[in-house]
Amino acid sequence: MAETTHDWTHWEPQHVLAGWLHQAITAAFPDHAHLPVALERPKDPSHGDWATTWALVHAKALKQNPRAVAEAIRRELTPHPWVAEVTIAGPGFLNIRLTPAAKTAVVPKILTARDRFGAGKPRAERVQIEFVSANPTGPLHVGHGRGAAYGATLANVMAFAGWQVTREYYVNDAGRQMDILTLSTWLRYLALFGVAIPFPKNAYQGQYVVAMAETLKQAHGARFCTATAETLLAGVPEEPPAERTDDDATQQREARLDALIANAKRLLGEDYAWLHQFVLTEQLGDCRDDLAEFGVTFDHWFSEQSLYDTGLVARAIETLEKRGHLYTQDGAKWFRATAFGDEKDRVVQRANGSYTYFASDIAYHLNKFERGFDRVIDIWGADHHGYIPRVRAALAALGLDTSRFEVLLVQFAVLYRNGEKVPMSTRAGEFVTLRELRHEVGNDAARFFYILRKSDQHLDFDLDLAKRQSNDNPVYYVQYAHARIASVLREWLEHEPDGAAIDERLSAADLAPLETSPAALALAQRLQAFPAIIATAAEERAPHHIAFYLKAVAADFHAWYNVDRILVEDHAVRLARLALARATQWVLKNGLQLLGVSAPERM
RNA sequence: GCGCCCGUAGCUCAGUGGAUAGAGCGUUGGCCUCCGAAGCCAAAGGUCGCAGGUUCGAUUCCUGCCGGGCGCGCCA
């Protein structure tokens, strides 16, 4: 295959026309020939297929009336086989109408490039995308699901657009939350042996904790039953009455939890670390399986603990210190974040010597850059937006190029069932898990619905709609178009002796029969836009463009399908229409693949 | 109070410094002797939150206000 399948500039109308216009501009305005020529699709088809506002934009610099500028350009234009007509309209738009042959030119390109149609030119830049990174302290919920769908899709799209992508999950395995989970599990375990104390309100309440305790009991019997109610509660403050929700009560509950954790470490001895590892492995494994079933995978699972073990946290803080960005106050070490645009200075090392979460995060981001990524993208829940300035400040203080660091925020998803909000509260342990959602609506609908909205918008997730198998449901609408084409192709191949190599055969078809069908030409022009959609979606980190585009492709296909029968008697017409149908199928398939949604042959 | 995000059709949401602002749902009315009706066609529906400013041109950019969401820990 001599033809390049990744550089569309040779044939995409917008590039061909830009070059063609540029020649005319060079002739008409030699001094301004360096100004770029941008082509856009007019909203109103009666204005033509492509338009440029070059005359409008540069009229002032040329000190001429925009219409006169457009007229001067048009005088210099040479005949072009793809151009049917050039008109000047409104204040100075240069409108171009394509010939039908220009519109169908994309079809053989698709049939040649196949699953690479739309792919961008490979580039040298390496990008790391870190997403989900939920604490392994319980099942993923629907909020994590959106981050997972968005991150995975963005990674797919950027990879398809030519980037070298690394997908990473940051495992918060070092903090207090893991201690709380370990304690929670142990308390549930002890209760199975009759060692019962009131279960702390602020410990992990979920049923999965009880399940882990039961697993422990089955595998290890009473091995970890090393406490009594008395030894467990030694020196532990009272639990405040449940109805109290004031700050003092909250603080007392936290102190109680810390005392219980300290007792657990003492009473379990070396077994504490084992238990800690056990709950981590269980939860991380569950999370990994959940995501894998959702079609979301990672190249690296990066341990926060490893940053401490390798001394990276200490080194990062020392580096900041050497650069003079730290000071000591109240016994704690503070990072002068205000010197780099943050609102206030931040503690990196507490008076007791322990590092804050922020300290390990500085080390982690330093490590990302040290691994040589050209671009580092973090995908966070929108509730963490206040954290961005301090991380950026730390990177700047370390002398790193913060323009290579991006944080993309994902807003929360709100579920609706029967037109009503599904209540969710993490505190009470009553949240809908990602797994429940996937099982209820299916992976395809979940993936599609999650990325249907701009990521920084709130998402109303209509469970009833996602489950509906009708044209209301955009997932089925797009999948149906794919399956419908597959069905036609099957029908065709039943009567064809040579079922192999259909793309090769169809790519040679004469497409002239399509040129009299407005619906066919509209579809072909839609397909032609796919590479540009990919490039835009990657550039803007906005994979929702692809979902909207696929809906439009499906709509154009269904409309064409209803006016032109594909499997007609006339051999030439049949082949031309099959070629367009097959090209449509490839675009739908490639697009759905990027979204992690299946492209069924029948449904 | 300060910071970030958002106000577009009855509902859920796209969109862009340009020409008459779009889609789906919902409503109303049509289309299967014919490749999949999970489809198509048509109608109706809008002061793009409000007020200024920049511009040849603003729904888009800037400022202020009104309304909604989120965040402002030696938590992670």
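Heavy-atom basis, side chains included; hydrogens, waters and symmetry copies ignored. Given the structure is predicted, the values throughout are model-derived calculations rather than measurements. In what follows, chains are A, B, ... by sequence order, proteins preceding strands, each numbered from 1.
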Could you say whether Leu567(A) or Thr53(A) is positioned toward the 5' end of RNA chain B, judged by the nucleotide with the nearest heavy atom to each? Thr53(A)
Taking the minimum atom-to-atom distance to the side chain of Ser487(A), which one of rC75(B), rC6(B), rG36(B) wins? rG36(B)
Should the side chain of Asn562(A) and the base of rA37(B) be counted as holding a donor-acceptor pair, with the cut-off at 3.5 Å? no
Among rC35(B), rC40(B), rU12(B), which is the nearest nucleotide to the side chain of Tyr477(A)? rC40(B)
Taking any heavy-atom pair under 4.0 Å as a contact, classify Ala51(A): base, sugar-phosphate, or nothing. base
Side chains of Gln252(A) and Asp248(A) only: does a donor on one sit below 3.5 Å from an acceptor on the other? no
Among rC35(B), rC75(B), rA14(B), which nucleotide sits nearest the side chain of Ile566(A)? rC35(B)
Is a donor from one side chain sitting under 3.5 angstrom from an acceptor on the other, for Gln177(A) and Thr137(A)? no
Can you identify which nucleotide, out of rU55(B), rC72(B), rC35(B), has its nearest atom closest to the Arg565(A) side chain? rC35(B)
Hey, is rC32(B) sitting syn or anti, using the within-90° cutoff around 0? syn
Does the structure show a Watson-Crick or G-U wobble partner for rG71(B), both distances under 3.5 Å? Name it, or say none. rC2(B)
Just compare rC40(B), rA76(B), rC34(B) and give me whichever is closest to any side-chain atom of Arg350(A). rA76(B)
Exam field: side chain Arg541(A) to backbone Ala538(A), donor-acceptor pair closer than 3.5 Å: yes
Modelled atom types, side-chain donor and acceptor of Ser598(A) and Gln479(A), under 3.5 Å: yes
Does the aromatic ring of Tyr480(A) sit over the six-membered base ring of rG36(B), closer than 5.5 Å centre to centre and tilted less than 30°? no
With the side chain defined as heavy atoms from C-beta on, Pro42(A) is closest, among rA14(B), rG73(B), rA19(B), to rA19(B)
For Asp564(A), answer base if it contacts any base atom (sugar-phosphate contacts may also be present), sugar-phosphate if it contacts only those atoms, and nothing otherwise; contact means non-hydrogen atoms under 4.0 Å. base
Of Val568(A) and Phe358(A), the one whose closest nucleotide on RNA chain B sits nearer the 5' end is Val568(A)
Could you tell me whether His47(A) contacts a base, only the sugar-phosphate backbone, or nothing, with contacts defined as non-hydrogen atoms closer than 4.0 Å? base
Ring centroids of His384(A) and rA76(B) base under 5.5 Å with planes under 30°: yes
Which listed nucleotide (rG73(B), rC74(B), rC75(B)) is nearest to the side chain of Gln177(A)? rC75(B)
Nearest to the side chain of Phe548(A), which nucleotide is it out of rG36(B), rA76(B), rC13(B)? rC13(B)
Compute whether any side-chain donor of one residue and acceptor of the other, for Tyr170(A) and Asp378(A), lie under 3.5 angstrom apart. no
Indicate, with a heavy-atom threshold strictly under 4.0 Å, whether Tyr561(A) touches base, sugar-phosphate, or nothing. base
Nearest-Å distance, CG (Leu588(A)) to P (rG36(B))? 17 Å
Of rG36(B), rA19(B), rC40(B), the nucleotide closest to the side chain of Arg484(A) is rG36(B)
For a quick check under 3.5 Å, do Arg484(A) and His558(A) share a side-chain donor-acceptor pair by atom type? yes
Are OP1 or OP2 of rC6(B) and a side-chain N or O of Lys454(A) less than 4.0 angstrom apart? no
May I ask you to say what Ala559(A) touches in the nucleic acid, namely base, sugar-phosphate or nothing, with a heavy-atom cut-off under 4.0 Å? sugar-phosphate
Side-chain contact check for Gln457(A): nearest option of rA76(B), rA14(B), rC41(B) is rA14(B)
